[in-house]
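Presented below is the structure to which this report refers.
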Amino acid sequence: MVKISFPDGAIREYPDGSSAMDIARSISEGLARKVLAAMVNGSVWDASRPIHADASLRLLTWDHAEGRSTFWHSSAHLMAEAVESLFPGVKFWVGPAVDKGFYYDMDLGGRSMTEEDLRKLETKMNELAKQGNAYVRREISKDDAVNYFSDKGDEYKLDLLQGLNDGEITFYTQGAFTDLCKGPHIPHTGLIKAIKLTSLAGAYWKGDERNKMLTRVYGVSFPNQKEMDEHLLMLEEAKKRDHRKLGKELGIFTFDDDIGPGLPLWMPNGTIIIDELEKLARETEEDAGYKRVVTPHIAKENLYLTSGHLPYYAESMYPPMELEGVKYYLKAMNCPHHHKIFDAEPKSYKDLPLRLAEYGTCYRYEQSGELFGLMRVRCLHMNDAHIYCSREQFAQEFRAVNEMYLKYFKIFGIEKYVMRLSLHEPSKLGQKYINEPELWLETESMVREVLKESDIPFVEVPDEGAFYGPKIDVQIWSAIGREFTLATNQVDFAQGRRFKLSYTNRDNQPEVPLIIHRAPLGTHERFIGFLLEHYAGKFPLWLSPVQVKILPISDRFMEHAQHTLARLKKAGLRAEIDDRNEKIGKKIRDTELMKVPYMFVIGEKEVEADAVSVRKQGKGDAGMFPLSEIILTLTSEKENRQ
RNA sequence: GCCGUUGUAGCUCAGUGGUAGAGCACUUCCUUGGUAAGGAAGAGGUCGUGAGUUCAAUUCUCAUCAACGGCUCCA
């Protein structure tokens, strides 16, 4: 007998060799039907695998993340079986579960797959699923495994085997398909009831662009059609939030072939949002002791040689223009320009910390395949600033920057994000990272402390730092689920030295300042792209391009509408009159669709009372208010950025 | 940059080897209507661009540009 302890604390005895499935069945048949895998002593096992020792056990179903990923990984195997039947001789690389679904990378041996093939594969998969074949686990020696894949001429699986040793190699077989796989898997293919292969893509082998490109097929599957329908509905909803769609509908930005890829044109509505964001940044930075500067969009080659950017990033900068034998580059970052401002006048410790801020325009020649709406562009406006400080001042300055982030996030209601602390990799000092082992450790731990103090959840990622120091990135997700860095806060102890920046310290000695690069509002492009999706286009009053739409019931009330418009404008509100020859229902509908926060309806009653009937976007009729009263309400809402 | 897909009116999308259609938007007229679409008429596209095949190409082929889904990259 073995003692099995359950999550609720219960401990029961079962015959030695019982599987999780046996145990589930002993509880109820209904449960057994739902079990996908089991958590045994903290690792995920096949439900059918015999348990030979006392263990803690948690049965995993579709309701558990581990259950779902097991389900999706098993679906990848099912897909591989289907692919093998339609493309004999195909070789597989890896087929993991991902956030929502699964993929499998494969080498089709020179053949190519089409969207049509995906439909055929789905049909085949459904057919195979109906057979309800069990996923059978088999432990195998390394020699046997190597022989098996040598016979097949499968260099990919042989490559995987290289990293494995006897005792940790297992094969899984379902139906006609056998794969090297550590598992676990769901009990049988019959549990997979709804299947959709979503996309066909290329993916470099081992993620290295020097390697061969494999074919990657993405798919998603569910234990019932209802879940699939919900998933598809969710995708539809996400599409409606897509900033590219909303940006077009609301007249925020556009692209034009004659301007160039990745070069957004900001339309009047988008420019209003830019102006409001810059106003917020100016106020906030002024309060925090920043000084504004303005720098040119181009600079000589030498500047970027000094900064050290050019050797690393030449291919992602626009090529230089050459004038009188001198090369000029479009600036890809503002820091070197700011360093030159620091350097323009001698500095003493009394001048520190010096905080230079600029909404700087940068140009980066991002790879063509990387461009993505406003989120990844080639012309960007960065909420940039550089803080020059002493080592003693560093922690305090970094903390203040962090607080500024949180202040902004509160204003925008940004809650779903992850802070990522990127660290250096000691073995790459002097190559990828500047060779300052002590400074790396010191600043990394200071940054870590600041994050802990402010109680912000964060993850640490090794070998992701900038070449000049550790950094904190704020990661967010676009409507379609792609991850982006929204904002960044970086430590820099390289450029100060490179630019020979110094200040005179208390002991009358020259000292190199530490530099903090920070961009809490990221770039206008990415931030507004994010906000469009975050608010689903329904901007708060202060950011709305049109804040109030005045809707006269008929043209008899135009005079009162004009009078109302004048009053609103005088109060600093952005308002427009809908003077079209349309019925009020139509005007309301169109204004709702344009997501204007307030509508003022004006008819007979309102003229008599010198009032307006107020309608809030998405909320319907709010009743009649005297104009002066509602103006006060709106002004306060706007000024408080609610 | 690489793999795959797509490209028809301002937008969303039909369609065809014989020089194109719908809905919304737009213009004009009628209507002056009280909280999510009033009615009528009209205008608008050399079917992304270039070349080839053909008697004939928006449709087939190739190239190119751009967008989209991924991979790689992201100071």
Side-chain angles (χ1 to χ4, degrees), chain A residues 98 103 105 108 112-118 198-218 242 244-245 248-249 251 254-258 260-262 304 307-317 331-336 362 364-373 375-376 380 382 464-469 471 473 480 482 484-485 488 490 492 494-495 517 519 526 551-558 580-593 599-606 613-615 617-624:
Chain A
V98 290
Y103 68 78
D105 282 349
L108 295 168
S112 66
M113 202 180 267
T114 64
E115 296 278 336
E116 241 175 272
D117 292 325
L118 295 188
T198 47
S199 73
L200 197 51
Y204 298 111
W205 184 43
K206 296 186 179 181
D208 188 329
E209 62 182 326
R210 289 166 302 190
N211 284 343
K212 186 168 181 176
M213 182 155 276
L214 304 177
T215 301
R216 175 174 295 181
V217 181
Y218 281 91
D242 192 317
R244 294 167 295 186
K245 184 175 160 67
K248 186 171 272 181
E249 286 169 0
T254 188
F255 288 96
D256 186 285
D257 280 359
D258 288 335
Y304 303 113
S307 71
H309 285 105
L310 202 45
Y312 283 100
Y313 298 110
E315 79 292 348
S316 50
M317 290 174 77
K331 77 170 165 184
M333 73 299 298
N334 304 300
C335 28
C362 298
R364 296 180 177 182
Y365 195 78
E366 303 285 4
Q367 294 186 27
S368 58
E370 257 311 324
L371 301 175
F372 178 75
M375 298 295 206
R376 196 76 184 271
L380 39 105
M382 211 189 303
E464 286 286 328
F467 73 85
Y468 46 60
K471 60 177 183 176
D473 291 323
I480 61 165
R482 202 182 287 193
F484 286 96
T485 298
T488 183
Q490 311 180 347
D492 181 346
Q495 289 204 40
H517 305 239
R526 193 170 287 179
L551 310 179
I553 299 276
S554 85
D555 55 18
R556 291 198 293 127
F557 311 110
M558 274 306 288
R580 294 177 305 163
N581 183 4
E582 293 289 354
K583 291 189 172 183
I584 193 66
K586 172 74 168 164
K587 291 183 180 182
I588 287 171
R589 177 181 157 80
D590 289 349
T591 312
E592 286 282 350
L593 292 176
M599 282 166 253
F600 289 179
V601 176
I602 290 175
E604 193 79 49
K605 286 184 298 181
E606 289 79 10
S613 280
V614 176
R615 213 190 134 95
Q617 205 274 335
K619 300 240 165 72
D621 195 353
M624 201 155 79

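Below, chain A is the first sequence line, B the second, and so on; all start at residue 1. If you're wondering where the values come from, they're calculated on a predicted model, not measured in any experiment. Note that these values count all heavy atoms, side chains included, but never hydrogens, waters or copies made by symmetry.
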Would you mind reading off the distance between [X] atom [atom1] and [N] atom [atom2], rounded to a whole angstrom?
X: A:M382; N: B:rA75; atom1: CE; atom2: P; answer: 10 Å
X: A:I602; N: B:rU32; atom1: CD1; atom2: C1'; answer: 16 Å
X: A:F255; N: B:rA67; atom1: CZ; atom2: P; answer: 8 Å
X: A:D555; N: B:rC30; atom1: CG; atom2: C1'; answer: 13 Å
X: A:D105; N: B:rG69; atom1: CG; atom2: P; answer: 19 Å
X: A:R589; N: B:rA37; atom1: CZ; atom2: C1'; answer: 5 Å

Separation between the [atom1] atoms of [N] and [M], rounded to whole Å:
N: B:rG45; M: B:rG21; atom1: P; result: 13 Å
N: B:rA22; M: B:rC47; atom1: C1'; result: 16 Å
N: B:rA63; M: B:rU53; atom1: C1'; result: 15 Å
N: B:rU54; M: B:rC2; atom1: C1'; result: 36 Å
N: B:rG1; M: B:rC13; atom1: P; result: 27 Å
N: B:rC60; M: B:rG7; atom1: P; result: 10 Å
N: B:rA75; M: B:rA36; atom1: P; result: 50 Å
N: B:rG17; M: B:rC73; atom1: P; result: 45 Å

Quick check for you: among [options], whose closest atom lies nearest to any side-chain atom of [X]?
X: A:I584; options: B:rG34, B:rC71, B:rA36; answer: B:rG34
X: A:Q490; options: B:rG34, B:rC68, B:rA75; answer: B:rA75
X: A:K471; options: B:rA75, B:rC71, B:rC26; answer: B:rA75
X: A:R376; options: B:rA36, B:rC73, B:rU32; answer: B:rC73
X: A:R482; options: B:rA75, B:rG69, B:rA36; answer: B:rG69

Between the protein and nucleotides 9-15 of chain B, are there any N/O to N/O pairs under 3.5 Å, and if so, what are the atom names and distances?
none

Mind checking [X] for me? I need base, sugar-phosphate or nothing, with any heavy atom below 4.0 Å counting as a touch.
X: A:F467; value: nothing
X: A:E116; value: nothing
X: A:R216; value: sugar-phosphate
X: A:K605; value: base
X: A:Y468; value: sugar-phosphate
X: A:G373; value: sugar-phosphate
X: A:R244; value: sugar-phosphate
X: A:S613; value: base
X: A:F372; value: sugar-phosphate

Please name all residues satisfying salt bridge (charged side-chain N to carboxylate O under 4.0 Å, His left out) with A:K583, sequence neighbours left out, ordered by chain then number.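 A:K583: no salt bridge (charged side-chain N to carboxylate O under 4.0 Å, His left out) contacts found.
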According to salt bridge (charged side-chain N to carboxylate O under 4.0 Å, His left out), who are the partners of A:E464, at least two apart in sequence or on a separate chain?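 Partners of A:E464 by the salt bridge (charged side-chain N to carboxylate O under 4.0 Å, His left out) criterion come out as none, since no residue qualifies.
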Once side chain to side chain contact (heavy atoms under 4.5 Å, CB included) is applied, do any residues pair with A:K212, and if so which ones, sequence neighbours excluded?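 Here the qualifying residues are A:D107, A:Y156.
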Can you list everything that forms a side chain to side chain contact (heavy atoms under 4.5 Å, CB included) with A:D256? Sequence neighbours excluded, please.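 A:D256 satisfies side chain to side chain contact (heavy atoms under 4.5 Å, CB included) with A:D258, A:I259, A:L265 once adjacent residues are dropped.
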Starting at the 5' end of RNA chain B and moving along, which residue's nearest nucleotide shows up first, A:Y218 or A:R364?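 Closer to the 5' end of RNA chain B: A:Y218.
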Could you list, one pair per line, each protein nitrogen or oxygen that sits under 3.5 Å from a nitrogen or oxygen of nucleotides 38-46 of chain B, together with the distance?
none

Give a yes or no on whether a salt bridge exists between A:R210 and A:D208, defined as a side-chain N under 4.0 angstrom from a carboxylate O.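 Here A:R210 pairs with A:D208 in a salt bridge, since their nearest N and O are under 4.0 Å apart.
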Holding to side chain to side chain donor-acceptor pair (under 3.5 Å), I want the full list of residues that pass it with [X], two or more places apart in sequence or in another chain.
X: A:Y204; value: none
X: A:Q617; value: A:E592
X: A:H309; value: A:S307
X: A:T591; value: none

In which stems does RNA chain B show up, taking only runs of three or more Watson-Crick or G-U wobble pairs whose two distances fall under 3.5 Å?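 B:1-7 with B:65-71, B:10-13 with B:21-24, B:26-30 with B:38-42, B:48-52 with B:60-64 - these are the stems of 3 or more pairs that involve RNA chain B.
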Starting at OH of A:Y103, measure out to CZ of A:R216 and round the result to the nearest 0.5 Å.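 If we round to the nearest 0.5 Å, A:Y103:OH and A:R216:CZ are 4.0 Å apart.
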Point-to-point distance, once rounded to the nearest 0.5 Å, from CE of A:M382 to CG of A:N334: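 So the CE of A:M382 and the CG of A:N334 are separated by 5.5 Å.
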Set out, in order, the CA-CA distance, both residues' side-chain angles and the distance that settles side chain to side chain contact (heavy atoms under 4.5 Å, CB included) for A:M333 and A:Y313, then state yes or no. CA-CA 11 Å; A:M333 73 299 298; A:Y313 298 110; 5.6 Å; no
Give the intermediate values and the outcome of side chain to side chain contact (heavy atoms under 4.5 Å, CB included) for residues A:Y304 and A:M317. CA-CA 11 Å; A:Y304 303 113; A:M317 290 174 77; 4.0 Å; yes
Tell whether A:R556 reaches the base of B:rU32 with its side chain through a donor-acceptor pair below 3.5 angstrom.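 By the distance-only test, no, there is no pair.
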Quick check on side-chain contact (heavy atoms from CB on, under 4.5 Å): which of A:I553, A:V614, A:D621 does A:V601 satisfy it with?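 It is A:I553; the other options fail the test.
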Got a donor-acceptor contact below 3.5 angstrom from the A:R526 side chain to the A:T485 backbone?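 Such a contact is found between A:R526 side chain and A:T485 backbone.
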Checking the side chain of A:R364 only, and the main-chain atoms of A:S316 only, is there a donor and an acceptor separated by less than 3.5 Å?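 The answer is no, because no donor-acceptor pair under 3.5 Å joins these two groups.
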A:T114 and A:E116: side-chain donor and acceptor closer than 3.5 Å?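 Checked: A:T114/A:E116 side chains show no N/O donor-acceptor pair below 3.5 Å.
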For nucleotides 1-7 of chain B, print each protein N/O atom paired with a nucleotide N/O atom at under 3.5 Å, atom names and distance only.
residue : atom : partner : partner atom : Å
B:rG1   : OP2  : A:S368  : OG           : 2.6
B:rG1   : N7   : A:Q367  : OE1          : 3.3
B:rG1   : N7   : A:G369  : N            : 3.4
B:rG1   : N2   : A:Y204  : OH           : 2.3
B:rC2   : O4'  : A:Y204  : OH           : 3.4
B:rC3   : O2   : A:G202  : N            : 2.9

If stacking means aromatic ring centre less than 5.5 angstrom from the base's six-membered ring centre, planes under 30°, is A:Y313 stacked on B:rA75?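 By the stated criterion, A:Y313 and B:rA75 stack.
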